[in-house]
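Encoded as structure tokens, the structure appears first; notes follow it.
Basis for what follows: all heavy atoms, side chains included, without hydrogens, waters or symmetry-related copies. Chain A is the first sequence line, chain B the second, and so forth, proteins listed ahead of strands; every chain is numbered from 1. Since the model is a prediction, treat every value here as computed from it, not as a measurement.
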Amino acid sequence: MADIERLLMGTETVLPEGELAERIAEGKPLRVKLGMDPTAPQVTLGWAVVLRKLRHFQEQGHTAVLIVGDFTAQVGDPSQRSETRQRLSAAEVRGYAEKALDGFRRVLLPDPLEIRYNSEWLGELSMSDVLELMSKSTLAQMLERDDFQKRYRANEPISMMEFMYPLLQGMDSVAIDADIELGGSDQLWNLLVGRDLMGKFDKRPQMVMTVPLLVGTDGVHKMSQSLGNYIGVDDEPAEMFGKIMSIPDEAMGEYYRLTTELPLDEVAGVLAGLEDGSVHPGDAKRRLGREVVALFHDAGAATDAEAAFDRIFKDKDAPEEVAEFALDDDDPVWLPGLLKDAGLVSSTSEGKRMIAQGAVKLDGERVEEERVARPDLSGRVVQVGKRRFVKLLPAGDVPPPGT
RNA sequence: GGUGGGAUGCCCGAGCGGACAAAGGGAGCAGACUGUAAAUCUGCCGGCACAGCCUUCGGAGGUUCGAAUCCUCCUCCCACCA
């Protein structure tokens with residue numbers, strides 16, 4: 001029942017070529033490894049690309065082996081890094097791991113799924129094990145790697161620990177007998193180290209499969225939490241939809257291909273329509289937004305998200321649900337202070353600037369003054385910019401938090 | 001171990017005794033324009049009840065009327081030599 005086509009769909013590199021068919025033909029379910037270092041709590045749409053690939057394997061009866069890199073997270077993957085990562089504490093890592101696994105489960109099937117923490121074996125290594133591991137690779141091999149080479153040439157520090165990272169990740173493959181390891185295209189080098197290492201430990205070397213990296217909402221850089229250009233798989237529908245709408249048009253094709261489950265010919269149809277002008281880019285992006293929201297929430301949420309979006313950005317109304325904030329007794333009210341207290345701006349200075357720039361509105365009316373009479377505020381909605389809203393209530397009318 | 005160079009705001013980076021809350025760029029935020037696009041233009045971009053004051057230029061001291069700039073010690077980074 002193997003559908004190799006589907007497994008290969010949307011991949012970037014699969015090595016060695018042709019071996020996948022052979023391994024599947026052997027009839028045993030493959031152990032498909034995917035490593036995740038819990039260095040941040042959110043699972044992004046970029047991650048969802050490779051997760052969905054893993055799911056395709058699951059759907060065909062192969063075992064997803066998810067490695068939670070609780071040990072390696074504390075070392076730090078040097079991939080695509082221009083500087084040494086900050087080390088995380090064990091507690092932080094554990095917290096992130098739990099949160100991230102929730103996100104992963106939104107995409108993966110519950111079965112067949114094996115979740116392993118790599119501290120299980122890496123934490124056990126003795127010094128002589130580590131030395132043996134190190135003896136299996138050379139400095140020249142390490143420096144082959146682009147990230148290291150750039151940093152080395154630019155006179156930037158590279159810690160010895162960072163050299164260990166790929167080896168540790170490779171040990172994971174040895175420990176769990178991976179048949180194939182998945183990853184984003186920036187992981188190719190690391191994955192190959194794992195393959196190499198398995199051979200040196202007399203195991204059958206794993207195959208490697210990479211999927212393209214998804215650009216972030218800026219359309220330029222890889223989607224990542226540290227860059228703040230990400231869409232989380234557990235983002236609220238409205239948020240998710242809004243973020244999709246904000247990607248540059250040029251990134252749409254990539255998003256259609258990598259983040260939706262639409263059939264390829266349909267995607268091709270949309271893209272061709274964009275090309276010849278028969279499809280309006282705004283409509284195409286809306287559809288993309290609906291597809292993605294529907295995938296992680298449901299179709300109803302998708303329509304609602306689109307409606308909420310129109311309400312705020314097209315009709316420029318306040319959203320249906322607005323956080324509430326209690327006014328205190330001052331009269332007149334000094335607005336910069338209020339905006340800060342309500343969390344709409346981060347300082348009173350910023351509040352003053354926002355007012356000066358015409359970004360502050362009361363029920364849609366621009367506010368020019370820093371001081372406003374209390375009765376003019378009570379019960380109305382203050383807005384900063386296009387997307388920050390708070391409804392003002394007289395003190396006492398706000399239900400206590402948590403109800 | 002020796003010698004030399006370096007650490008500046010979210011990031012990069014200029015400044016090298018007063019005119020410095022610190023050039024310039026990027027990111028970000030806001031306004032205009034739009035399809036909340038993108039591009040573009042404009043403004044903002046440490047804090048403070050704000051024509052003033054307070055805290056920032058790796059850390060701690062010192063010199064000076066005055067220090068991001070000079071001196072001392074410390075921490076960290078880089079290069080070259082060994």
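The C1' atoms of U42(B) and U56(B) are separated by 29 Å, rounded to the nearest whole Å. A gap of 13 Å separates the P atoms of C74(B) and G2(B), to the nearest Å. Rounded to whole Å, the C1' atom of A14(B) lies 15 Å from the corresponding atom of A7(B). For G47(B) and A21(B), the C1' atoms lie 10 Å apart once the distance is rounded to whole Å. G26(B) sits 28 Å from G59(B) when the P atoms are compared, rounded to a whole Å. Using C1' as the reference atom, A67(B) and C20(B) are 11 Å apart when rounded to the nearest Å. Comparing the P positions of G52(B) and U69(B) gives a spacing of 26 Å, expressed to the nearest Å. Here the separation of A30(B) from C12(B), taken at their P atoms, is 25 Å to the nearest Å.
To the nearest angstrom, C1' of G35(B) lies 16 Å from CD1 of I312(A). As a whole-Å value, the separation of Y255(A) OH from A38(B) C1' is 14 Å. Look at CD1 on I247(A): it is 11 Å from P on A38(B), rounded to the nearest Å. If you measure from atom NZ of K361(A) to atom P of A30(B), you get 11 Å, rounded to the nearest angstrom. Atoms CE (M354(A)) and P (G47(B)) sit 11 Å apart, rounded to a whole Å. In this structure, F241(A) atom CZ and G35(B) atom P are separated by 15 Å, rounded to whole Å. Rounded to whole angstrom, the span from the CG atom of D218(A) across to the P atom of A39(B) amounts to 10 Å. In this structure, CZ of R366(A) is placed 12 Å from C1' of G43(B), rounded to the nearest angstrom.
Pairing partner, A27(B): none, since no Watson-Crick or wobble contact has both distances short of 3.5 Å. The partner of U69(B), taking Watson-Crick or G-U wobble pairs whose two distances both stay under 3.5 Å, does not exist in any strand shown. With a 3.5 Å ceiling on both atom-pair distances, the Watson-Crick or G-U wobble partner of G1(B) is C81(B). Base pairing analysis places C48(B) opposite G52(B); the two distances defining the Watson-Crick or G-U wobble pair are each below 3.5 Å. As the counterpart of C76(B), G6(B) is assigned, both hydrogen-bonding distances of the Watson-Crick or G-U wobble pattern falling under 3.5 Å. Remark: A22(B) base-pairs with no nucleotide; criterion is Watson-Crick or G-U wobble with both hydrogen-bond distances under 3.5 Å.
One can find a donor-acceptor pair under 3.5 Å joining the base of G35(B) and the side-chain atoms of D249(A). With hydrogens and angles left out, the side chain of R388(A) and the base of A30(B) share no donor-acceptor pair within 3.5 Å. Interface remark: the Q357(A) side chain does form a donor-acceptor pair with the G43(B) base, using a distance-only criterion of under 3.5 Å.
Donor-acceptor pairing under 3.5 Å is lacking for the side chains of T72(A) and Q169(A).
The salt bridge (charged side-chain N to carboxylate O under 4.0 Å, His left out) check on E306(A) picks up R286(A), R290(A), with sequence neighbours excluded. For K340(A), there are no salt bridge (charged side-chain N to carboxylate O under 4.0 Å, His left out) partners two or more places apart in sequence or in a different chain. Looking at residues two or more places apart in sequence or on another chain, you find a salt bridge (charged side-chain N to carboxylate O under 4.0 Å, His left out) between R6(A) and E59(A). With sequence neighbours excluded, the residues forming a ring-ring contact (aromatic ring centres under 6.0 Å, His included) with F313(A) are F309(A), listed by chain and number.
At most 12 heavy atoms of other shown residues, nucleotides or ligands fall within 6.0 angstrom of atom NZ in K391(A). By the neighbour-count criterion of 12 heavy atoms within 6.0 Å, atom CD of E19(A) is densely surrounded, having more than that number from other residues, nucleotides or ligands.
The pair R287(A)-E266(A) meets the salt-bridge criterion, with a side-chain N (NZ, NE, NH1 or NH2) lying under 4.0 Å from an Asp/Glu carboxylate O.
Residues M245(A) and R371(A) each lie close to RNA chain B; by heavy-atom proximity, the contact nearer the 5' end of the strand is made by M245(A). Each of K285(A) and P332(A) lies near RNA chain B, and the nucleotide nearest K285(A) is the one positioned closer to the 5' end.
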Just distance, no hydrogens or angles: give the donor-acceptor pairs under 3.5 Å from side chains in residues 98-106 of chain A, sequence neighbours left out.
{"unit_1": "R106(A)", "atom_1": "NE", "unit_2": "V233(A)", "atom_2": "O", "d": "3.4"}
{"unit_1": "R106(A)", "atom_1": "NH2", "unit_2": "F296(A)", "atom_2": "O", "d": "3.2"}

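No contact: R387(A) has no heavy atom under 4.0 Å from any strand.
For P248(A), counting side-chain heavy atoms from C-beta on, the closest listed nucleotide (A38(B), C29(B), C45(B)) is A38(B).
Remark: W334(A), K340(A), S347(A), T348(A), S349(A), K352(A) in residues 333-352 of chain A come within less than 4.0 Å of RNA chain B through at least one heavy atom.
When the side-chain nitrogen and oxygen atoms of R353(A) are compared with OP1 and OP2 of G46(B), none of them lie within a distance under 4.0 Å.
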